[in-house]
**Student:** 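Shown below is the structure under consideration.
Small disclaimer: the values here were computed from a predicted structure and weren't measured. In what follows, chains are A, B, ... by sequence order, proteins preceding strands, each numbered from 1.
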Amino acid sequence: MTDAEHRQLPPQYAPGEVETRRYEAWAAAGYFTANAASGKPPYSIVIPPPNVTGSLHIGHALDHTLIDALVRRRRMQGYNALWLPGMDHAGIATQNVVEREIAADGLSRHDLGREAFVERVWRWKASSGGAILGQMRRLGDSVDWTRERFTMDEGLSRAVQTIFKRLYDDGLIYRAQRIINWCPRCMTALSDIEVDHAEDEGELVSVRYGDGDDSVVVATTRVETMLGDTAVAVHPDDPRYARLVGTSVQLPLTGRAIPVVADPHVDPEFGTGAVKVTPAHDPDDFEIGRRHDLPALVIMDERGVITAHGPFEGLDRFEARPAVLAALRQQGRVVAERRPYLHAVGHCDRCGTTVEPRLSLQWFVRVEPLAKAAGDAVRDGRVRISPPEMAARYFDWVDDMHDWCISRQLWWGHRIPVWYGPAGEVVAVGPGEDPPSGEGWRQDPDVLDTWFSSALWPCSTLGWPDDTEDLAAFYPTSVLVTAYDILFFWVARMMMFGLYAMSQREPAQAVPFRDIALHGLVRDQHGKKMSKSLGNTVDPLDWIDRFGADATRFTLARGASPGSDVAVSEEWVTGSRNFCNKLWNATRFALLNGATVPRALPDPGQMPTAARWILSRLSAVTAESDQLFERYEFGKVCELLYHFAWDEVCDWYLELAKPALSGPAEPGPPAGEAGSASPAGEAGPASTQTAAGVTREVLGYVLDRLLKLLHPVMPFVTEELWTALTGGDSIMIAPWPGEGAGTAGGVAAGGVAAGGVAAVGGEGRDGTAAAFRDAAAEAEIGSLMRLVTEVRRFRSDQGLRPGQQVPAVLAGIGGTRLAPHEGSIRSLLRLTAPGDSFTATASVLAEGITVELDTAAGIDVAAERRRLDKDLAAARKEADQAGRKLGNESFLAKAPADVVAKTRERLEAAHADIERISGRLAALPAAGPGPADAGSAEKGQGDG
RNA sequence: GGGCGAUUGGCUCAGCGGGAGAGCGCCUCGUUCACACCGAGGAGGUCACUGGUUCGAUCCCAGUAUCGCCCACCA
């Protein structure tokens with residue numbers, strides 16, 4: 001853009017072209033790239049790595065918006081800000097995608113063989129994986145593309161093997177025969193958290209084992225597993241079965257004799273008090289079996305097909321259930337059936353298949369010491385969770401966690417770095433791809449749980465296990481931003497592995513992040529979960545196309561408060577789009593009127609009150625938005641800035657500035673209220689010191705700051721407007737307008753490096769970051785706003801068109817604090833000077849000033865009386881309330897002084913209102929029949 | 001079965017011991033030279049219910065109802 005062009009804006013913001021142009025320019029300029037060697041204090045966030053199979057959905061859009069806002073703000077504050085991008089290989093999910101692909105050619109992964117299949121997955125990744133990375137550009141994510149990582153790239157694989165070996169050597173990884181969760185469709189083991197429990201309808205069947213006096217009735221929801229029963233268990237103190245303990249009963253259908261054992265785990269109150277024991281197919285039974293040295297009889301293969309010899313062999317587990325039941329029924333073994341019987345059943349969180357408890361040899365992480373350390377880091381405050389309530393969930397989990405099954409019977413993932421000798425013994429454990437020298441070595445065929453590598457993400461992406469510059473500069477990361485639904489899967493595990501991997505550091509430096517900022521899930525306008533089947537999903541790319549990235553981001557951020565869900569709808573994003581346009585036009589207006597951004601503010605003595613008012617408000621808003629940002633209150637930041645920009649800057653300040661802007665630009669006698677300000681001096685060499693000049697600078701200053709405050713959430717439109725306004729290179733690298741931007745206060749609150757970082761970025765080049773507070777100006781403009789609103793209400797009630805000019809006298813304004821604002825008031829209210837024939841036909845009393853209006857048609861007495869009656873009733877109610885309080889001795893004795901004082905003020909104000917309104921009622925011309933002024937007022941109160 | 005949270009205007013939500021708020025929607029008016037993706041004005045709520053604490057409760061406590069979420073190896 002040329003200098004002339006950059007001050008011309010079209011009347012509407014068109015995001016499309018701006019966004020791609022700006023993003024590419026930022027990336028090309030290297031603004032996203034962090035430099036570990038820079039002397040600036042670090043601020044780092046690692047992306048929650050999206051699945052390589054994924055595409056950008058609305059949940060990512062929320063997460064990324066919040067992260068990007070944090071990073072952009074810190075960058076402007078002078079931090080060495082890093083947002084590190086990357087992806088997760090997503091073991092099961094990715095393998096499933098490619099398996100489906102080859103299934104189209106009628107092939108299974110076994111047809112290809114392991115090596116070819118894995119090769120095929122890599123090819124898939126290269127061509128169709130990672131679509132999300134391109135989509136992140138559309139959102140405006142300021143990620144450092146030079147540091148992009150993938151959980152299966154060389155460095156991360158080495159990190160995985162390294163920590164595996166360390167854990168193994170420390171006795172924290174072991175291999176054992178256990179009952180694990182097995183998905184018969186994915187044909188792999190799952191960890192506890194990869195299983196979703198859902199209430200399923202089953203049936204509870206009571207079956208008689210044995211005959212005659214020595215028989216016992218057991219209840220089960222899974223009759224088919226009886227084929228693998230190796231005992232019946234009863235409670236040791238249960239008198240009903242005491243005589244049977246130690247004997248055996250005959251198992252129906254198979255005829256096997258199985259022992260009756262006594263085990264305290266059995267609940268004598270449930271069912272018959274006797275339970276069948278199937279050690280190979282139920283985790284509880286497995287434990288009972290261990291205690292009593294029972295054999296574990298496996299009756300199903302890895303697909304869930306019955307392998308027990310007999311008539312049921314070859315049946316799927318769900319076919320076997322009715323078949324076994326029918327056979328039992330035929331033998332008269334079924335004593336009772338209860339159906340439907342609701343109970344919780346586990347499902348694979350990847351494919352929904354009912355999980356089968358399966359006895360198998362797997363690798364486990366002994367989590368207890370790791371989980372304890374992870375809990376302690378939060379307990380002792382090294383890591384803070386936002387919102388704090390979520391910490392309870394975190395503790396529940398880390399304090400009572402089962403060992404973590406980490407082996408998966410898949411091909412896509414980090415192969416377990418263990419080699420077995422010819423006899424099957426573990427003889428070597430990674431790292432390194434090569435087997436030990438000699439013959440007969442065989443690597444474990446399984447891969448590691450995807451979450452095993454994700455758990456290392458904060459340190460592995462920064463270079464661990466190597467002692468890299470990035471690791472030194474950016475670990476611990478500053479904050480982890482993610483949805484609460486992933487607290488257990490990922491966050492807690494990063495805590496465990498991060499602390500373990502970095503344990504050579506002092507405890508405060510070993511944590512993977514200092515803050516955990518949890519946000520909620522995105523829901524539809526009715527608070528319902530988004531799902532494809534409900535058809536209520538929102539595609540963020542569609543919104544970006546139609547409303548712009550900034551509108552999409554603002555909508556999501558506006559709804560985000562710590563830990564709670566975000567409801568969005570097209571109405572919200574429309575509103576956000578409108579807000580972008582509002583900013584656009586406010587800046588456009590400023591440019592059309594010659595606004596400039598000053599190096600320093602003009603002398604406050606030269607400023608109109610309105611300027612001091614808006615600067616005072618800007619200062620308050622800036623401080624408040626900084627505080628909210630530090631607390632991850634994104635919704636409140638957005639709300640605050642939205643209302644400041646729209647209600648205060650646009651609706652009032654721009655309107656108040658209009659008369660001054662149309663004044664002379666050359667130095668001369670200041671116009672309007674500025675006449676009361678100190679005369680133009682030579683103090684500011686760059687300043688024109690006319691009312692118009694001062695206003696142009698203040699307007700430019702306010703917009704400069706406002707755009708910067710909004711930039712973290714709305715990067716594109718603010719960039720476009722700011723460069724047009726200032727001619728600067730980029731708002732991205734402009735200094736943050738915080739009061740003493742980036743100084744120790746802000747840093748301490750942000751919890752960045754311990755020890756604090758003082759004076760980051762300094763005051764910036766304009767050196768005007770100090771607070772500008774002016775309570776008198778705020779009070780004065782507040783008074784003006786109330787007066788104008790009151791008169792507008794009158795005009796509206798009287799059916800006067802908003803634009804209609806009305807001759808008026810502002811009686812009694814002389815000597816009041818509003819006297820200097822008469823010009824503004826007249827312009828805002830469309831009041832003209834009274835002509836020769838002026839006769840007041842109506843008046844409004846507000847702020848101690850009587851506005852006498854000459855309305856052409858006179859006033860509508862009835863409408864006015866109705867309104868006044870209503871006002872009077874409200875004022876009386878107010879006076880009554882406050883008066884009653886002040887008449888209460890206990891209140892006077894016990895309430896704090898400021899509350900009492902405030903109540904007094906309320907009472908006085910209410911009395912003044914009553915007097916004013918009564919006066920106006922009395923002054924109303926008697927129109928219509930009836931001597932009813934007082935009566936109608938009374939009625940109004942009575943009704944209220 | 002445990003735990004947590006919610007219940008505020010038509011909708012989605014802020015507020016959380018001393019005067020009930022916002023956005024959208026709704027009604028009225030408006031071609032004022034930034035913006036109709038706009039401006040001005042307005043209507044609309046006994047803050048789920050019942051008790052308690054308090055000078056004072058939407059806000060604190062207890063209970064009830066309804067809804068939601070998380071965790072869970074009782075067949």
**Student:** Counting side-chain heavy atoms from C-beta on, which of B:C69, B:A43, B:G41 comes nearest to A:Arg792?
**Tutor:** B:G41
**Student:** Between A:Asp263 and A:His235, is there a side-chain donor-acceptor contact under 3.5 Å, judged purely by atom types and distance?
**Tutor:** no
**Student:** What is the pairing partner of B:A57, taking Watson-Crick or G-U wobble pairs with both distances under 3.5 Å in any strand?
**Tutor:** none
**Student:** Let's see if you can work this out: which of B:A40, B:A14, B:G3 has an atom nearest to the side-chain heavy atoms of A:Asp396?
**Tutor:** B:G3
**Student:** Starting the side chain at C-beta, find the nucleotide from B:G39, B:G18, B:A75 nearest to A:Trp646.
**Tutor:** B:G39
**Student:** Look at the side chain of A:Pro283 and decide which nucleotide, out of B:G39, B:C73, B:G23, has an atom nearest to it.
**Tutor:** B:C73
**Student:** Check the phosphate of B:C37 against A:Asn585, side-chain N and O only, distance under 4.0 Å to OP1 or OP2. Yes or no?
**Tutor:** no
**Student:** Quantified in whole Å, what is the P atom distance between nucleotide B:C47 and nucleotide B:U58?
**Tutor:** 7 Å
**Student:** Would you indicate which nucleotide in B:C13, B:A34, B:G42 comes nearest to any side-chain atom of A:Arg793?
**Tutor:** B:G42
**Student:** Hey, does A:Arg577 reach any base, or is it just sugar-phosphate, or nothing, if we go heavy atoms under 4.0 Å?
**Tutor:** base
**Student:** Could you tell me which nucleotide pairs with B:A62 by Watson-Crick or G-U wobble geometry, both distances under 3.5 Å, or answer none if nothing does?
**Tutor:** B:U50
**Student:** Please measure how far the P atom in B:C38 lies from the corresponding atom in B:C24, and state the result in whole Å.
**Tutor:** 8 Å
**Student:** Need one value for A:Val568: base, sugar-phosphate or nothing, where a base atom within 4.0 Å counts as base even if backbone is also close, heavy atoms only.
**Tutor:** nothing
**Student:** With the side chain counted from C-beta on, respond yes when A:Val566 and A:His519 share a heavy-atom pair under 4.5 Å apart, and no when they do not.
**Tutor:** no
**Student:** A:Lys636 has a side chain; which of B:C24, B:A43, B:A14 sits nearest to it?
**Tutor:** B:A14
**Student:** Can you tell me the distance, in whole Å, between the CH2 atom of A:Trp397 and the C1' atom of B:C4?
**Tutor:** 18 Å
**Student:** Tell which nucleotide pairs with B:C67, taking only Watson-Crick or G-U wobble pairs whose two distances are both under 3.5 angstrom.
**Tutor:** B:G5
**Student:** Between B:G9 and B:G21, how far apart are the P atoms? Round to whole Å, please.
**Tutor:** 14 Å
**Student:** Can A:His347 and A:Asp196 be counted as having a side-chain donor-acceptor contact under 3.5 angstrom?
**Tutor:** no
**Student:** Quick one: the side chain of A:Glu878 and the base of B:G19, do they pair up donor-acceptor inside 3.5 Å?
**Tutor:** yes
**Student:** From the set B:C37, B:C24, B:C55, return the single nucleotide nearest to any side-chain atom of A:Tyr642.
**Tutor:** B:C24
**Student:** Would you classify A:Ser569 as touching base, sugar-phosphate or nothing, given that sugar-phosphate means primed atoms plus P, OP1 and OP2, and contacts are heavy atoms under 4.0 Å?
**Tutor:** nothing
**Student:** Please name the nucleotide paired to B:G30 by Watson-Crick or G-U wobble geometry with both distances under 3.5 Å, or report none.
**Tutor:** B:C38
**Student:** Counting only side-chain nitrogens and oxygens, does A:His402 get under 4.0 Å of the OP1 or OP2 atom of B:A72?
**Tutor:** no
**Student:** Do the side chain of A:Arg588 and the base of B:C35 come within less than 3.5 angstrom through a donor-acceptor pair of N or O atoms?
**Tutor:** no
**Student:** By the 4.0 Å heavy-atom rule, please label A:Pro357 as base, sugar-phosphate, or nothing.
**Tutor:** nothing
**Student:** Out of B:A22, B:A75, B:C73, which nucleotide sits closest to the side chain of A:Ala219?
**Tutor:** B:A75
**Student:** Please step through side-chain hydrogen bond (donor to acceptor under 3.5 Å, both in side chains) for the pair A:Glu571 and A:Thr574, ending with a clear verdict.
**Tutor:** CA-CA 5 Å; A:Glu571 285 160 3; A:Thr574 301; over 6 Å; no
**Student:** Which is true for A:Asp485 with a 4.0 Å heavy-atom rule: it touches a base, it touches only sugar-phosphate, or it touches nothing?
**Tutor:** nothing
**Student:** Can you figure out which of B:A34, B:C13, B:C37 approaches the side chain of A:Phe589 most closely?
**Tutor:** B:A34
**Student:** Using a 4.0 Å heavy-atom cut-off across all strands, classify A:Leu487 as base, sugar-phosphate, or nothing.
**Tutor:** nothing
**Student:** By nearest atom, which of the nucleotides B:A14, B:C69, B:G39 is closest to the A:Ser561 side chain?
**Tutor:** B:A14
**Student:** Hunt down the Watson-Crick or G-U wobble partner of B:G19, both distances under 3.5 Å, from any strand shown, or write none.
**Tutor:** none
**Student:** When all nucleic acid strands are considered with a 4.0 Å heavy-atom cut-off, which category describes A:Ala567: base, sugar-phosphate, or nothing?
**Tutor:** sugar-phosphate
**Student:** At 4.0 Å (heavy atoms only), tell me whether A:Glu655 reaches a base, stays on the sugar-phosphate, or touches nothing.
**Tutor:** base
**Student:** Nearest whole Å is fine: how far is B:U32 P from A:Leu831 CG?
**Tutor:** 18 Å
**Student:** Confirm from the modelled atom types if A:Gln12 and B:C37 form a donor-acceptor pair under 3.5 Å, side chain to base only.
**Tutor:** yes
